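Note sheet for the following structure.
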Amino acid sequence: MVDVILGLQWGDEGKGKIVDYFAKNYDVIARFQGGPNAGHTLYVNDKKIVLHQIPSGIFHENKVNLIGNGVVLDPVTLKKECESVAALGVDFRKNLFISERTHLILPTHRALDKASELSKGQDKIGSTLKGIGPAYMDKTGRNGLRVGDLLDNNFTTQYIKLRMKHQRLLDNFNFQDDITDWEEEFFDAIEFLKTLNIVNGEYFINEKINKGQRVLAEGAQGSMLDVDFGTFPFVTSSSTVSAGVCSGLGIAPQKIKDVIGITKAYCTRVGSGPFPTELSDATGDFIRNAGNEFGSTTGRPRRCGWIDMVALQFACMINGVTKIVMTKADILDSLEELKVCKSYLINGKEESRIPFQMNRLHIEPIYQSFTGWNTDISKVEIYDNMPEKMKTYIEYINHFLGIPVKFISNGPGREQIVTA
Ligand code: GDP
Ligand code: IMO
Ligand code: MG
């Protein structure tokens with residue numbers, strides 16, 4: 001049986017914290033897509049940890065953590081991350097497994113990402129520059145190298161062939177950066193990677209499911225960054241939605257039970273692209289500062305705005321969400337008024353659906369206004385003790401989506417979560 005936890009917005013919904021919280025109920029925690037563009041924050045013994053490649057179940061003893069075939073893997077990031085979790089007592093040699101089908105991010109993928117973004121100028125995606133797009137392009141273009149290829153004597157030849165192809169592309173971009181240091185690090189890191197548990201991920205996970213073990217699939221990015229259903233072209237290059245779990249781990253759809261969708265109590269986005277409820281005012285600045293909304297991977301300030309029910313309803317539909325977790329409700333504690341976008345005004349017409357190309361339209365959000373709860377909720381432990389005004393806010397969302405908000409996260413701490 002497989003449950004999924006994924007983001008319903010533009011990423012950074014708090015997946016790391018929530019996966020860490022639920023991991024105790026599972027045997028296997030598996031990443032199914034994305035790569036080091038992800039930055040998943042969790043707190044262990046009050047220490048802040050940000051994971052980019054390793055699944056967020058790694059701090060639980062005796063849990064299997066699998067990097068699935070749908071992920072793109074940067075060996076350099078993985079090596080550094082393994083070293084940092086080991087320093088905190090994690091036995092990654094025992095608990096971390098990597099699918100042999102996982103595609104590798106090469107130094108030239110990172111260079112190509114940078115060259116491509118530079119060439120786009122004003123129209124840049126706002127990529128994390130981790131090489132994600134170029135690595136997935138090589139996967140679908142049938143050129144990429146996979147973790148299993150490292151065990152082949154031919155690997156260096158394959159690497160040189162692909163590198164030459166990339167060099168021609170880089171020459172076209174007139175990209176001149178010296179990447180010798182990156183390559184040195186890469187070759188050092190692949191020697192390390194070879195010593196880890198490299199498995200046939202699809203048999204590995206299905207055998208566990210057949211034995212009755214419970215799997216938690218951990219999404220990266222968010223549904224509105226999905227390559228098909230997100231705000232294309234301002235998206236990432238993978239299937240961030242629940243469908244991606246099947247192709248990203250090699251499991252059948254009927255094995256999936258719960259799809260737990262995470263939304264912040266408001267909304268953020270980092271990088272370029274449409275964001276109808278964005279607040280470019282003092283309230284937006286307040287949310288950014290109170291919520292410490294700065295990228296976990298790049299440190300960039302996140303754009304902040306009100307919760308967008310049109311986007312949320314769309315994400316719930318695409319994913320088949322069965323339960324919702326609302327995070328960062330505590331950040332709204334001191335606001336006098338809260339707003340929820342219930343529809344869009346486009347060309348004078350009210351719309352309740354996500355349009356084809358949001359970036360080419362002027363979208364005016366139509367808001368429902370709520371009185372803020374003006375109470376510190378960060379220490380509340382049971383839902384009954386939540387302020388009535390906050391319950392009104394939650395009930396509006398439950399009713400709008402027809403899906404229950406089952407959990408409310410009221411602080412970054414491991415146990416700061418309230419069951420509704
Ligand atoms: P992820 O990418 O979805 O894992 O999210 P990030 O880790 O990039 O960003 C979420 C940030 O919010 C992190 O700094 C978390 O520690 C923090 N966080 C998560 N849940 C809560 C919450 O309920 N309240 C507060 N105040 N912070 C939270
Ligand atoms: P987590 O898992 C927020 C955004 C980038 C950019 C776009 C494409 O921490 O929620 P890419 O590097 O994939 O080419 O960037 O997607 N992006 C994220 N935004 N959280 C993330 O991951 C993101 N991963 C990518 O900012 O706009
Ligand atoms: Mg993040």
Side-chain angles (χ1 to χ4, degrees), residues 5-21 31 33-44 46-53 55-56 71-72 74 105 109-110 112-114 116-117 120 124-137 218-227 230-238 240 261-266 268-275 287 290-303 325-333 376-378 380 407-418:
I5 291 188
L6 46 72
L8 297 176
Q9 300 170 307
W10 279 281
D12 302 327
E13 296 89 350
K15 298 174 291 292
K17 172 192 158 157
I18 303 300
V19 169
D20 173 51
Y21 176 78
R31 278 275 306 267
Q33 47 69 233
N37 48 350
H40 294 182
T41 313
L42 37 115
Y43 281 82
V44 181
D46 294 329
K47 193 176 160 39
K48 178 177 170 175
I49 294 131
V50 182
L51 295 171
H52 302 285
Q53 292 274 192
S56 302
V71 171
V72 285
D74 184 337
I105 301 179
H109 286 137
R110 282 166 62 195
L112 282 166
D113 213 357
K114 190 171 167 193
S116 163
E117 282 285 79
K120 287 193 163 115
K124 69 173 185 196
I125 307 293
S127 162
T128 59
L129 305 180
K130 301 293 176 189
I132 306 297
Y136 277 116
M137 278 165 72
E218 171 182 5
Q221 290 77 57
S223 305
M224 297 308 287
L225 287 170
D226 180 81
V227 66
T231 46
F232 192 88
F234 301 98
V235 294
T236 190
S237 301
S238 65
T240 62
I262 311 184
T263 173
K264 281 179 185 167
Y266 48 94
T268 64
R269 169 163 210 170
V270 59
S272 330
F275 180 6
I287 295 175
N292 192 22
E293 295 294 356
F294 296 89
S296 311
T297 298
T298 57
R300 292 178 292 177
R302 294 176 183 151
R303 300 154 66 192
V325 180
M326 178 182 279
T327 55
K328 305 194 93 160
D330 54 302
I331 303 305
L332 304 182
D333 277 358
D376 176 1
I377 61 162
S378 66
V380 175
F407 303 92
I408 297 147
S409 170
N410 54 345
R414 217 177 190 181
E415 299 301 327
Q416 281 177 296
I417 189 159
V418 174

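In listed order, ligands and their atoms are each counted from 1. This structure is a prediction, so every number in the text was calculated from the model and none was measured.
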Name the closest protein heavy atom to [atom], giving the residue it belongs to and the distance to 0.1 Å.
atom                    : value
atom 9 (O) of ligand 2  : G39 N, 2.9 Å
atom 6 (C) of ligand 2  : G126 O, 3.1 Å
atom 12 (O) of ligand 2 : T128 OG1, 2.5 Å
atom 15 (O) of ligand 2 : S127 CA, 3.4 Å
atom 23 (C) of ligand 2 : Q221 CG, 3.6 Å
atom 13 (O) of ligand 2 : T236 OG1, 2.6 Å
atom 20 (N) of ligand 2 : D12 OD1, 3.1 Å
atom 8 (C) of ligand 2  : V235 O, 3.4 Å

Distance filter under 4.0 Å to [X] heavy atoms, resulting ligand 1 atoms:
X    : value
G16  : 4 (O)
K17  : 20 (N)
G39  : 1 (P), 2 (O), 4 (O), 6 (P), 7 (O), 8 (O)
Y43  : 16 (O)
S409 : 20 (N), 21 (C), 22 (C), 23 (O)

Under 4.0 Å, heavy atoms only, figure out whether ligand 1 is touched by the backbone of [X], its side chain, both or neither.
X    : answer
D330 : side chain
H40  : both
R302 : side chain
N410 : backbone
S296 : side chain

So, [X] and [Y]: side-chain donor and acceptor under 3.5 Å apart, yes or no?
X    : Y    : value
T268 : D12  : no
K17  : S409 : yes
T263 : Q9   : yes
Y266 : E293 : yes
N37  : Q221 : yes

Indicate yes or no: does an N/O atom of [X] lie under 3.5 Å from an N/O atom of ligand 2?
X    : value
N37  : yes
V270 : yes
S237 : no
H40  : yes

May I ask you to list the atoms of ligand 2 that are less than 4.0 angstrom from any heavy atom of A38?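 Near A38, the atoms of ligand 2 are 1 (P), 2 (O), 9 (O), 22 (O).
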
Enumerated ligand 2 atoms positioned under 4.0 Å from heavy atoms of R300: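 With R300 as reference, the close atoms of ligand 2 come out as 5 (C), 26 (O).
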
Which is closest to atom 21 (C) of ligand 1 in terms of heavy atoms, Q9, M326, K328, K15?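 The nearest heavy atom belongs to K328.
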
Quick test of your reading of the structure: of I132, L225, D113, whose heavy atom lies closest to atom 18 (C) of ligand 2? L225

Select one of side chain, backbone, both or neither to describe which atoms of W10 lie under 4.0 Å from any atom of ligand 2, heavy atoms only.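 For W10, only backbone atoms sit under 4.0 Å from ligand 2.
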
List the steps, then state whether side chain to side chain contact (heavy atoms under 4.5 Å, CB included) holds for I132 with V72. CA-CA 7 Å; I132 306 297; V72 285; 4.0 Å; yes

Any non-hydrogen atom of I331 lying under 4.0 Å from ligand 1? yes

Does ligand 1 have any atom sitting under 4.0 Å from a heavy atom of G11? no

Neighbouring protein N, O or S atoms of the Mg ion (ligand 3) [cut-off: under 2.8 Å, no waters]: D12 OD1, G39 O

Does any N or O atom in A329 lie less than 3.5 angstrom from one in ligand 1, N or O only? no

Using a plain distance cutoff, I'd like to know if T327 has any nitrogen or oxygen under 3.5 Å from a nitrogen or oxygen of ligand 1. no

